[in-house]
Amino acid sequence: MKKTHDCGILKAANIGETVCLSGWIQGRRDHGGIIFVDLRDRTGIVQVVFDCERNKEIFHLAEALRSEYVLSVSGEVKPRDPETVNPKIPTGEVEVFVREFTILNPSKTPPIYVEDDIDVDENLRLRYRYLDLRRPEMQKKLFMRHKIIKKIRDYLDDQGFWEVETPVLTRSTPEGARDYLVPSRIRAGSFYALPQSPQLFKQLLMVAGTEKYFQIARCFRDEDLRADRQPEFTQLDMELSFVETDDILSLIESLVQYIYHEALGIELTIPFPRMPYREAMERYGSDKPDLRFSLEIKEVSDLVSDCQFKVFTGALKKGGVVRGINAKGAAFSRKDVDDLTEFCIQLGAKGLAWFMVGTEGLKSPLLKFFTEERLEQLSSQMEAEAGDVLFFVADAQEKAEDILGHLRNHLAGKMNLVKEEENRFLWVVDFPLLSYDPEEKRYVANHHPFTSPRDEDINLLNTEPLKARAKAYDLVLNGLEVGGGSIRIHRRELQEKMFELLGFTTEEAYEQFGFLLQAFEYGTPPHGGIALGLDRLIMLMLGASSIREVIPFPKTASGSCLLTDAPAPVAENQLDELFIRLQLPEDEEEI
RNA sequence: GGAGCUGUGGUGUAGCGGUUAACAUGCCGGCCUGUCAAGCCGGAGAUCGCGGGUUCAAUCCCCGUCAGCUCCGCCA
C-alpha cells in the first residue's frame, strides 16, 4: 500500500475517494463495536474508523492498535454526520472508513506524550528527542527553520550572491573564543581547529574575486552555554567587496524584512534605527539594548557631587559616575528593594541606593545626606512621581553601566514591561576598535584584528587608540545580539599598524596570519561583511524562549548530548593512532 | 570556576522526622456502536536521583555528589 494522501489535508472535497494513508497513531477510542483511531503525520491528524458491522475481521485486528504504532490504512473518505463533525481539527468534516490496514511497526508506550503543551522534564525531551520532535509544535519549528533558510537562499541568490563552502577542519588562530581541536593522525602532534566562524576564508574569497559570498555555516566555540548560546551554532555568514557600512546595513535590512514577510507574514519597517555604542551604554547600559521598554538610565553625577553620602562622592572622586533608573510606578516593597539590591551585588555592585517616591515626598535611608534643594533637583532629573522607585549605582563608569543595564532588564521583567509581541531591531554602530587588557598588558581587538577603524579616527591610533571607533556594527533584536560584522582593513600599512597595536611582531603576525597577509599583497578589494546568528534569529522569529527549541538536537548546559551521550570516551587504539596520551585530573576513571 | 532553582510509580504533581507514600494521567484487563481529553469497572506499577551523616526512626534535617535549567565569569 502506497501513501496517496497526507492525513492533515483531507476535507469535504475528498469525499468518495479511496485513499491510502500512512502515519502514527495519535490515539484510539474503542467503543466496543466501533474503534476510532486518530492517524497523524507531519501534516496533521485525521480520524479513521474501524466498524464491526462493516468489516468484522478488520475490526478485531484493530483492537490491537496502540499509540505511536506506525500504520498504513486504505479506505474511503466519508462525510461525518453533522452532529459528529469535529470543528477542532481541519479534517473534522470527514473520516476514513478502513477497508484494510497494515501495522508497519508497533511501538512501546512512549515516555513522553506526543502532543503540544506538554509539561515534561527537558531531560526526557532531549533523551527521546525523536519523540519530542514528533510533536506538532516541534514539527512546525523544524519546518519554519527550513522555510526561513530557504527564503534567505532565495533572496541572496536573487541578489547575486554565491553560496560557497569553507573548511571545517582548519587551523587554530589566536584571539577570540577557545577552539575545539581535532588531532591530526597524519601529522603527529598537530591539530586542526573547528572554525569559530569562516572569517578568514571569506576574506580570502574576496581576494579571490567572489565579490558576493554567503554560507549557512556551522561554527564552533568551546565556551560555556546559555539559553541563547550553544557550542556549535549556525551563522548566515556573508562578505561583499566594494562596499561600505551602509551597503551592508541596508542589504541586511531588506533581507530581514523579506524573510519576516515571506516566512511569518510580518511587515517590518526599515531602515532600522542606528545608535552609537556610546549612546547605547549611556542610555541602556548595554551594547544590545532591548527597546521594547523604556526605563532609561539617567546621569546624576553633578547633582550628587556635593552630598554627604560617601559612597557617591567616593566613586566620583575616583573618576566614576553616579547614575540611576526610575522604576516608574513600581511601588516596590522593602523586600523587593532588598532583592534588587542583592541582584546588583551578585553582579559586583557595592550596593544599590534607592528612594521611594511617595505622595509626601521621598523615602530613603539616604535622605539625611542630601539638601532639600538637591533632592528636588534629583527628583526632577529622574522625572519622579508618586509611586516611582529610584535606584542609583555609583561606580566606575563601565561597571555602573553594566550593572544598571542588567538592573534595567531585570526590572522590566519584574514590572512586566516587555511588550512581547514587538520586534525591535536596532543597529549598534561605532564600537570602540580596541580595548585594553590589563592582564595581558596590551590592546585587544573588540571585533577582530581585521576590522577597519573609521577613516576620521585612523590618526587616533597613534595618539589615543582607545578612542578610535571601528567600522563595526551589531544587529540587535529585543535585547539579543543577532548579528555583527565590520568593514575590513584591506590596506597593508593599516593592517600592520593594527598588529603593532595588538602587540604582535611582524614575525608573529606572519606566523599566525601569513596566508591572509600574503593574499592581501595580491590585489585585495575593499570589503566587509556580517554574520547573523541564525539559531537566535529563528528563536526570536518563532517566539521560542531558548535556542534549544529551534535546534533539532541541542546540547545541554554542560555540553552533552543526552540522546547520543556525547562526548564519550574512545578506545585506546584510537588514541594511539593519534599519538595522544591522556593526563586526567586525579580521581578520574581510567579510560 | 562561582551563585541560585529543580530531582517522589512511565509522565505530571501532592506529601511528611514514624503514612499501607496520596492524586491525576498513562499502561494492562473487562464492558460498551459515534467518540474525538470518550465513558464505566477492575488491576499492575515507586527501594522518593546517588553516597554519607544526624536520629530509636530520614523520602523529609545536614553534608557531599550527579544530572537538568537560569545567571555571573567566559563567549561577539
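Because the structure is predicted, anything quoted here is derived from the model rather than measured. Just so it is clear: chains get the letters A, B, ... in the order the sequence lines come, proteins before strands, and each one is counted from 1. Side chains are part of it too, since the values below use all heavy atoms of this structure and drop only hydrogens, waters and symmetry mates.
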field: A/Arg274/A/Glu253 salt bridge by N-O under 4.0 Å criterion
entry: yes

query: B/rU25 and B/rG39: how far apart are their P atoms, nearest whole angstrom?
result: 8 Å

query: Considering Watson-Crick and G-U wobble pairs with both distances under 3.5 Å, what does B/rC31 pair with?
result: B/rG39

field: Spacing of the P atoms in B/rA58 and B/rC50 (rounded, Å)
entry: 15 Å

message: So A/Gln199, base contact, sugar-phosphate only, or nothing? Heavy-atom distance under 4.0 Å.
response: nothing

message: Considering every strand and a 4.0 Å limit on heavy-atom distances, what is the contact class for A/Lys88: base, sugar-phosphate, or nothing?
response: sugar-phosphate

query: Across the strands shown, which category fits A/Asn123 at heavy-atom distances under 4.0 angstrom: base, sugar-phosphate, nothing?
result: sugar-phosphate

- prompt: What is the ring orientation for A/Phe431 with A/Tyr277, classed by angle as parallel under 30°, tilted 30 to 60°, or perpendicular over 60°?
  reply: tilted

- prompt: When we call it a touch if two heavy atoms are under 4.0 Å apart, what does A/Asp81 touch: a base, just sugar-phosphate, or nothing?
  reply: nothing

query: Base, sugar-phosphate alone, or nothing: which one does A/Thr109 contact when heavy atoms must sit under 4.0 Å apart?
result: sugar-phosphate

message: Can you tell whether the side chains of A/Arg229 and A/Glu223 come within less than 4.0 Å, N to carboxylate O?
response: no

query: In terms of the nearest nucleotide of RNA chain B, which residue is placed more toward the 5' end: A/Asp38 or A/Leu562?
result: A/Asp38

task: Tell me what A/Arg66 touches on the nucleic acid: a base, only sugar-phosphate, or nothing, going by heavy atoms under 4.0 Å.
output: sugar-phosphate

field: Nearest-angstrom distance, P atom, B/rA44 to B/rA22
entry: 12 Å

query: Taking 5' to 3' order, which nucleotide of RNA chain B is first and which is last to have an atom within less than 4.0 Å of a heavy atom in chain A?
result: B/rG1 to B/rA76

task: If the plane angle is over 60° it's perpendicular, under 30° parallel, otherwise tilted; pick one for A/Tyr180 and A/Phe220.
output: perpendicular

message: Over all strands shown, is A/Asp119 touching base, sugar-phosphate only, or nothing at heavy-atom distances under 4.0 angstrom?
response: sugar-phosphate

message: Please name the nucleotide paired to B/rU11 by Watson-Crick or G-U wobble geometry with both distances under 3.5 Å, or report none.
response: B/rA24

- prompt: On a whole-Å scale, what distance lies between the P atoms belonging to B/rU70 and B/rG64?
  reply: 24 Å

message: Over all strands shown, is A/Arg127 touching base, sugar-phosphate only, or nothing at heavy-atom distances under 4.0 angstrom?
response: nothing

task: Measure from NZ or CZ of A/Lys414 to the centre of the six-membered ring of A/Phe343 and say whether it is under 6.0 Å with the direction within 45° of the ring axis.
output: no

message: Students often mix this up, so state it plainly: with edges at 30° and 60°, are the rings of A/His31 and A/Phe36 parallel, tilted or perpendicular?
response: perpendicular

- request: Name the residue closer to the 5' end of RNA chain B, choosing between A/Glu83 and A/Leu124 according to the nucleotide with the nearest heavy atom.
  value: A/Leu124

- request: Please work out if A/Gly176 contacts a base, only the sugar-phosphate, or nothing of the nucleic acid, heavy-atom cut-off 4.0 Å.
  value: sugar-phosphate

- prompt: Just checking A/Gln47: base, sugar-phosphate only, or nothing, at a heavy-atom cut-off of under 4.0 Å?
  reply: base

- prompt: Does B/rG73 pair with anything, Watson-Crick or G-U wobble, both distances under 3.5 Å, and if so, with which nucleotide?
  reply: none

message: Strictly by Watson-Crick or wobble contacts shorter than 3.5 Å, is anything paired with B/rU65, and which nucleotide is it?
response: B/rG49

- prompt: Say you pick atom C1' in B/rC72 and the same atom in B/rG9; how far apart are they, in whole Å?
  reply: 38 Å

task: May I ask you to say whether A/Arg278 pairs ionically with A/Asp430, meaning some side-chain N is under 4.0 Å from a carboxylate O?
output: no

query: What does A/Tyr277 touch in the nucleic acid at a heavy-atom separation under 4.0 angstrom: a base, only the sugar-phosphate, or nothing?
result: nothing

query: If you measure from the P atom in B/rG15 to the same atom in B/rU6, how many Å do you get, rounded?
result: 13 Å

- prompt: When all nucleic acid strands are considered with a 4.0 Å heavy-atom cut-off, which category describes A/His406: base, sugar-phosphate, or nothing?
  reply: sugar-phosphate

query: Which part of the nucleic acid, if any, lies within contact of A/Asn446, taking any heavy atom under 4.0 Å across all strands shown: a base, the sugar-phosphate backbone alone, or nothing?
result: base

query: Heavy atoms under 4.0 Å, any strand shown: does A/Ser558 hit a base, just sugar-phosphate, or nothing?
result: sugar-phosphate

query: Among all residues two or more places apart in sequence or in another chain, which pass the salt bridge (Lys or Arg N to Asp or Glu O under 4.0 Å) test with A/Glu63?
result: none

task: Can you tell me, in whole Å, how much space there is between the P of B/rC61 and that of B/rG2?
output: 24 Å

- prompt: When you compare B/rC27 with B/rC71, how far apart are their C1' atoms, in angstrom units rounded to a whole number?
  reply: 40 Å

query: Should the pair A/Tyr128 and A/Tyr130 be assigned to parallel (<30°), tilted (30 to 60°) or perpendicular (>60°) ring geometry?
result: perpendicular

